Q: 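Below is a structure I'd like to ask you about.
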Amino acid sequence: MLPLLINFPSFDPIALSLGPFAIRWYALAYIGGIVIGWLYARSLVKKERLWGGPPPMSLVQLDDFILWVTLGIILGGRTGYVLFYNLPFFIEHPAAMFKLWEGGMSFHGGFLGCVVAVMWFASRNGISILSLGDITTAVGPIGLFLGRLANFINSELWGRLADPNLPWAVIFPTGGPLPRHPSQLYEAGLEGILLFTVLAVMIRFGALKRPGLILGSFILIYGLARITGEHFREPDPQLGFLWGGLTMGALLSIPMLIVGVILIVLAVRRGASDTAEAIH
């Protein structure tokens with residue numbers, strides 16, 4: 001092995017074992033993302049100055065929403081994986097759809113699940129759909145960051161073959177003998193750290209006063225980050241490269257660019273003075 005290559009750390013995908021029960025890092029990433037995101041969301045709702053007046057929801061409503069969005073993430077993520085990434089397999093083995101512990105979640109499916117949860121909960125509680133979407137996406141990068149770290153720990157979704165002289169190239173135990181890009185860490189940086197930082201700065205400068213601006217920015221920046229990350233990530237073996245040499249993740253992210261731009265333009269045109277009249 002060349003001296004520049006990084007030996008893959010000896011991670012145990014199981015974080016904690018309690019008799020027959022095993023808690024995996026991937027599960028902890030989901031739990032941590034939801035809990036930390038909930039705490040961050042509460043801190044945003046408490047600060048009226050960020051909204052230019054009373055926040056569009058109460059802390060009690062936000063607490064109730066956590067269950068809804070959690071179900072949206074899990075159900076949507078699994079459904080998206082089944083439909084977008086491995087439908088022929090699940091048609092032949094329908095019982096495998098429910099084996100979440102064997103892996104297989106789609107961000108795009110999870111995002112659509114969150115959209116359904118946001119629209120349903122907001123409509124039932126008289127909350128602005130766009131403002132609830134802003135809060136949800138403002139905390140989203142936290143879960144994305146932890147999830148990508150879990151992907152790295154699990155030695156899954158690794159990157160494409162890399163130049164052996166690349167100082168941070170990694171030989172993954174499940175990825176063959178050749179060095180690869182640690183694309184999970186690239187995505188953790190882009191979809192997690194970078195996206196969270198940009199949205200946090202926007203919030204500090206009053207973006208929550210324009211309903212839909214954070215939501216649109218999240219969708220646009222995530223789409224760009226995901227497409228960038230997909231250039232370094234090995235495509236799913238059952239799919240390979242698709243239309244135009246793009247991967248499924250990149251193709252699913254292209255519509256996000258369009259939707260993100262539309263939401264941003266509408267939020268800017270609507271103006272900060274129309275907060276109370278945002279979509280319900």
Side-chain angles (χ1 to χ4, degrees), residues 8 11-15 17 20-31 33-34 67-117 120 140 143-144 146-161 171-178 180-184 187 191 222-223 226-227 229-256 259:
F8 185 80
F11 287 123
D12 186 345
I14 297 178
S17 295
F21 301 100
I23 301 177
R24 297 178 176 273
W25 288 109
Y26 201 65
L28 289 180
Y30 270 84
I31 295 171
I34 292 170
L67 176 60
W68 290 62
V69 75
T70 299
L71 291 174
I73 292 171
I74 296 174
L75 297 178
R78 187 58 171 178
T79 302
Y81 180 77
V82 170
L83 295 177
F84 301 146
Y85 288 93
N86 216 351
L87 183 58
F89 170 82
F90 288 107
I91 290 178
E92 293 183 6
H93 307 87
M97 296 182 188
F98 306 100
K99 297 180 180 180
L100 299 180
W101 58 90
E102 293 184 356
M105 298 288 281
S106 162
F107 163 80
H108 296 89
F111 180 75
L112 291 176
C114 287
V115 170
V116 172
W120 195 352
L144 290 171
L146 295 176
R148 293 308 181 195
L149 292 184
N151 290 149
F152 183 77
I153 291 174
N154 288 345
S155 183
E156 62 187 7
L157 306 182
W158 18 257
R160 303 181 192 181
L161 296 179
I171 294 181
F172 291 94
T174 59
L178 298 177
R180 295 180 177 275
H181 287 280
S183 58
Q184 312 97 321
E187 292 181 288
E191 303 168 9
Y222 176 86
R226 181 63 182 268
I227 291 172
E230 289 288 326
H231 282 291
F232 298 95
R233 177 172 160 180
E234 187 75 11
D236 293 80
Q238 71 274 15
L239 295 176
F241 292 100
L242 304 175
W243 179 79
L246 297 176
T247 62
M248 177 62 78
L251 287 173
L252 292 174
S253 297
I254 292 175
M256 298 184 73
V259 173

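Remember, predicted model here, so these are calculated numbers, not experimental data.
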Q: Given F111 and Y222, is the side-chain contact (heavy atoms from CB on, under 4.5 Å) satisfied, shown in steps?
A: CA-CA 11 Å; F111 180 75; Y222 176 86; over 6 Å; no
Q: Flag the pair F241 / T247 as yes when at least one side-chain heavy-atom distance between them is below 4.5 Å, and no otherwise.
A: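 Side chain of F241 against side chain of T247, heavy atoms only: contact under 4.5 Å found.
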Q: Check step by step if side-chain contact (heavy atoms from CB on, under 4.5 Å) holds for R148 and L157.
A: CA-CA 9 Å; R148 293 308 181 195; L157 306 182; 4.0 Å; yes
Q: Between atom CD1 of I74 and atom OG1 of T70, what is the distance when rounded to the nearest 0.5 Å?
A: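 Atom-to-atom, I74:CD1 and T70:OG1 are 6.5 Å apart.
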Q: Run the numbers on I254 and L246 for side-chain contact (heavy atoms from CB on, under 4.5 Å), then give the verdict.
A: CA-CA 11 Å; I254 292 175; L246 297 176; 4.0 Å; yes
Q: Could you measure the distance from the NE2 atom of H231 to the OG atom of S183? Nearest 0.5 Å is fine.
A: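 With rounding to 0.5 Å, NE2 (H231) is 13.0 Å from OG (S183).
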Q: side-chain contact (heavy atoms from CB on, under 4.5 Å), that's the test. Do T174 and E156 meet it? Break it down for me.
A: CA-CA 7 Å; T174 59; E156 62 187 7; 6.0 Å; no
Q: With side chains defined as the heavy atoms from C-beta onward, is the minimum distance between T79 and L112 less than 4.5 Å?
A: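 Not touching, per the 4.5 Å side-chain cut-off.
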Q: Does any non-hydrogen side-chain atom of H108 lie less than 4.5 Å from one of M248?
A: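 The answer is no, as the side chains (C-beta and beyond) never meet within the 4.5 Å cut-off.
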Q: Considering only heavy atoms from C-beta outward, does the side chain of F90 approach that of Y85 to under 4.5 Å?
A: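 Not touching, per the 4.5 Å side-chain cut-off.
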Q: Would you find a donor on one side and an acceptor on the other, under 3.5 Å apart, between the side chain of R180 and the backbone of G175?
A: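 The answer is yes, because a donor-acceptor pair under 3.5 Å joins these two groups.
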Q: Answer yes or no: is there a side-chain heavy-atom contact under 4.5 Å between F107 and R226?
A: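 They are in side-chain contact.
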Q: Could you grab the distance from atom CG of L161 to atom CZ of F232, nearest 0.5 Å is fine?
A: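 Result: 13.5 Å between the selected atoms.
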Q: What is the distance from atom CG of L87 to atom CD of E92, rounded to the nearest 0.5 Å?
A: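 Separation between the atoms: 10.5 Å.
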Q: To the nearest 0.5 Å, what is the distance between CD on E230 and CG on L251?
A: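 The CG atom of L251 is 9.0 Å from CD of E230, to the nearest 0.5 Å.
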Q: To the nearest 0.5 Å, how far apart are CZ in R78 and CD1 in I73?
A: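 Atom-to-atom, R78:CZ and I73:CD1 are 16.0 Å apart.
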Q: Evaluate the side-chain proximity of R233 to R160: yes if any heavy-atom separation is below 4.5 Å, no if none is.
A: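 Side chain of R160 against side chain of R233, heavy atoms only: no contact under 4.5 Å found.
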Q: Going by heavy atoms in the side chains, are F172 and Q184 under 4.5 Å from each other?
A: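 In contact.
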Q: Could you check whether any side-chain heavy atom of L178 comes within less than 4.5 Å of a side-chain heavy atom of I171, counting everything from C-beta outward?
A: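 The answer is no, as the side chains (C-beta and beyond) never meet within the 4.5 Å cut-off.
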